[in-house]
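Each chain gets a letter, A, B and so on, in the order its sequence line appears, and its residues count up from 1.
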Number of protein chains: 2
Amino acid sequence: MITVSIVEDHDQYRDLLYQVINDNPEFQILDSFSSAEEALKSIIINPPDIAIIDIKLKSLSGIELIQRIKSKIPQTLFLMCTAYQNNENVFTALKAGASGYIVKGSSAEEIQSAVKELYNGGAPMSPYIAKKVINLLHGKEDQNNYDLTEREIEVLSHLSKGLLYKEIADLLGISLNTVKNHCKNIYKRLHVQNRVEALNKFNA
Amino acid sequence: MITVSIVEDHDQYRDLLYQVINDNPEFQILDSFSSAEEALKSIIINPPDIAIIDIKLKSLSGIELIQRIKSKIPQTLFLMCTAYQNNENVFTALKAGASGYIVKGSSAEEIQSAVKELYNGGAPMSPYIAKKVINLLHGKEDQNNYDLTEREIEVLSHLSKGLLYKEIADLLGISLNTVKNHCKNIYKRLHVQNRVEALNKFNA
DNA sequence: AAAAAAATAGCCCTTACGGGCTATAACAAT
DNA sequence: ATTGTTATAGCCCGTAAGGGCTATTTTTTT
């Protein structure tokens, strides 16, 4: 039986996580917190095997939360929860002590298998992030940082699915022109001329 | 006596492989190529039992090389050579027809035993990759075979670099219209509408 | 020999893409 | 206070991309 605690301030997604974890008899929910402050008080007293923590919590971020409690509950593994894959914050979280992450929008099965993979010593993450971690281990400084903004990375992640500008605009609730502008800025910063080159460079 | 050919563009590592293989009286080097193009010409005429191929070769990748020659020399087994274990490319290579891989940095003994294991019907790889392969077997039956022609795969590989139709046409010495036609056929067969979707589907 | 598949190439058409601009509001840094 | 950054949004423009056709030659399969 794998015990799990959740720290997520969005009520809707916290409930979803709760159900997904609770649905599987291999897992048992210990706690479900809606803020880092709440978690800070209780999670040390009642440490789970796996703590699923939203990377973007109000006031105290998920990364800071980990930094504070990790040394006090070394047996607990941290699974970050992030809106965007390949976000720089994910990398920071891993450096801070997280062991893997799930992306919001993952299926129930993906979430459950991420928890299991983590518990079994694995590290669920994208190849891009994995390589950055390996580079770090090999002593290479965190190169490959093209200083894309979070929004730009988000747009890029949609480009990587083959979506049209129009589709991305609707998805993000912004205008087509804004999407185009983000792309232009991305291409400029990566010194490329089109989406495929951008994806190759960013995911290198 | 197991015959071995090597395709590796890094001089240093190619020499290392040569020595490691040559040192063992059970093996015999047939050829040692420094590019996929060289290998393409000669390896079909003089096929080895085992071909050790670097996964990242210039211009034509090791994966593409396998796709091109595998059907012509079905008795040859392919051992990929990769910098990082568990790379997605390794998985792609296995789907393309490789039977195992070694990691750069392996010891002489590890390399030799990988070759022997391969020759004896084994498949040297990490548990992670092995699991992906098993998942593929348990899941959908090699869904990756979209029956693309060699030429189409070649065009797709250039698309994956972010090249323009015009550039691909010049590279292959054919007209822009022909490149467009190949792409249309690729998209039709993969049931997608653009190059990024095609690449995602083909490399899935 | 006949049929099928693959590679070649052209035409027409619409639209998505990429690049050059400017501009504003919100916010952060200096 | 001023500067810089980010996200937003618009405009104009040329071209690349993608889709629907037909057609010829070569290669492969039956």
Side-chain angles (χ1 to χ4, degrees), chain A residues 56 58-59 61 64 83-84 86-89 92 145-202, chain B residues 40 44 60 64 67-74 145-202:
Chain A
K56 276 212 164 177
K58 290 161 206 148
S59 66
S61 79
E64 290 170 293
Y84 319 119
N86 292 349
N87 191 305
E88 281 304 308
N89 286 333
T92 312
N145 186 355
Y146 294 104
D147 285 326
L148 293 189
T149 68
E150 281 197 26
R151 196 56 154 176
E152 286 164 352
I153 291 170
E154 189 178 9
V155 169
L156 199 54
S157 80
H158 291 306
L159 284 180
S160 78
K161 299 174 199 156
L163 298 187
L164 303 180
Y165 286 171
K166 183 71 180 66
E167 294 173 324
I168 297 173
D170 292 346
L171 237 158
L172 300 181
I174 58 181
S175 84
L176 183 133
N177 278 316
T178 301
V179 174
K180 286 174 73 171
N181 275 324
H182 284 311
C183 290
K184 288 173 200 172
N185 291 331
I186 290 168
Y187 300 159
K188 267 187 200 164
R189 203 155 292 177
L190 300 192
H191 302 111
V192 297
Q193 273 71 49
N194 61 59
R195 55 180 66 196
V196 176
E197 285 180 339
L199 292 167
N200 285 340
K201 195 146 194 175
F202 190 75
Chain B
L40 202 53
I44 298 168
L60 197 71
E64 291 170 293
Q67 286 169 331
R68 291 217 201 170
I69 61 178
K70 189 176 172 58
S71 62
K72 289 165 186 157
I73 48 169
N145 188 358
Y146 293 105
D147 285 326
L148 293 189
T149 66
E150 279 195 29
R151 195 58 153 175
E152 285 165 352
I153 291 171
E154 191 176 7
V155 170
L156 198 53
S157 79
H158 291 307
L159 286 179
S160 78
K161 299 172 199 158
L163 298 186
L164 304 179
Y165 285 171
K166 183 72 181 65
E167 294 173 324
I168 298 172
D170 291 347
L171 237 157
L172 301 181
I174 57 180
S175 84
L176 185 134
N177 277 316
T178 301
V179 174
K180 286 174 75 171
N181 274 324
H182 283 311
C183 290
K184 288 173 201 171
N185 291 332
I186 290 167
Y187 301 159
K188 267 186 198 164
R189 202 156 292 175
L190 301 192
H191 300 112
V192 298
Q193 273 71 49
N194 60 59
R195 55 179 68 197
V196 177
E197 286 181 337
L199 292 167
N200 285 340
K201 196 146 194 176
F202 189 74

Peer 1: Rounding to an integer number of Å, can you tell me how far Leu176(A) CG sits from dA16(C) P?
Peer 2: 9 Å

Peer 1: Heavy atoms only: give me the nearest Val196(A)-Lys161(B) pair and the separation to one decimal.
Peer 2: CG1-C, 4.2 Å

Peer 1: For Asn177(A) and Arg189(A), find the nucleotide of DNA chain D closest to each by heavy atoms; which residue's nucleotide sits nearer the 5' end?
Peer 2: Arg189(A)

Peer 1: dT8(D), dC11(D), dT8(C): which one has an atom nearest the side-chain heavy atoms of Asn181(A)?
Peer 2: dT8(D)

Peer 1: Measure NZ/Lys166(A) against P/dG18(C) and give the value in whole Å, please.
Peer 2: 17 Å

Peer 1: Please state whether the base of dG19(D) and the side chain of Lys188(B) form at least one donor-acceptor pair under 3.5 Å?
Peer 2: no

Peer 1: From the list dT8(C), dG18(C), dG19(D), which nucleotide is the closest neighbour of the side chain of Arg151(B)?
Peer 2: dT8(C)

Peer 1: Just call it for Glu152(B): base, sugar-phosphate, or nothing, with non-hydrogen atoms closer than 4.0 Å on any strand.
Peer 2: nothing

Peer 1: Take the protein atom OH of Tyr165(A) and the nucleotide atom P of dG10(D), then report the distance between them rounded to whole Å.
Peer 2: 16 Å

Peer 1: Can we say Arg68(B) and Glu154(B) salt-bridge, meaning some charged N sits less than 4.0 Å from an Asp/Glu carboxylate O?
Peer 2: yes

Peer 1: Rounded to the nearest angstrom, tell me the gap between atom CG in Leu159(B) and atom P in dA16(D).
Peer 2: 15 Å

Peer 1: Looking at every strand, decide which applies to Ser175(B) at a 4.0 Å heavy-atom threshold: base, sugar-phosphate, or nothing.
Peer 2: sugar-phosphate

Peer 1: What's Asn185(B) touching, base or sugar-phosphate or nothing? Going by heavy atoms closer than 4.0 Å.
Peer 2: nothing

Peer 1: Send over the distance from His182(B) NE2 to dG10(C) P, rounded to a whole Å.
Peer 2: 13 Å

Peer 1: Please state whether the base of dG18(C) and the side chain of Lys180(A) form at least one donor-acceptor pair under 3.5 Å?
Peer 2: yes

Peer 1: Per the side chain to side chain contact (heavy atoms under 4.5 Å, CB included) rule, which among His158(B), His182(B), Lys180(B) passes with Tyr165(B)?
Peer 2: Lys180(B)

Peer 1: In whole angstrom, give the distance that lies between atom CD of Glu167(A) and atom C1' of dA16(C).
Peer 2: 11 Å

Peer 1: So, for Leu40(B) and Ile69(B), which heavy atoms are closest and what is the spacing to 0.1 Å?
Peer 2: CD1-CG2, 3.4 Å

Peer 1: Give one of base, sugar-phosphate or nothing for Thr149(A), where a contact means two heavy atoms less than 4.0 Å apart.
Peer 2: sugar-phosphate

Peer 1: Can you check the Leu190(A) CG to dG18(C) P distance for me, whole Å?
Peer 2: 13 Å

Peer 1: How many whole angstroms separate atom CD of Gln193(A) from atom C1' of dC17(C)?
Peer 2: 13 Å

Peer 1: Go through the side-chain N and O atoms of Ser175(B) and Thr178(B) and say whether any donor and acceptor fall under 3.5 Å apart.
Peer 2: yes

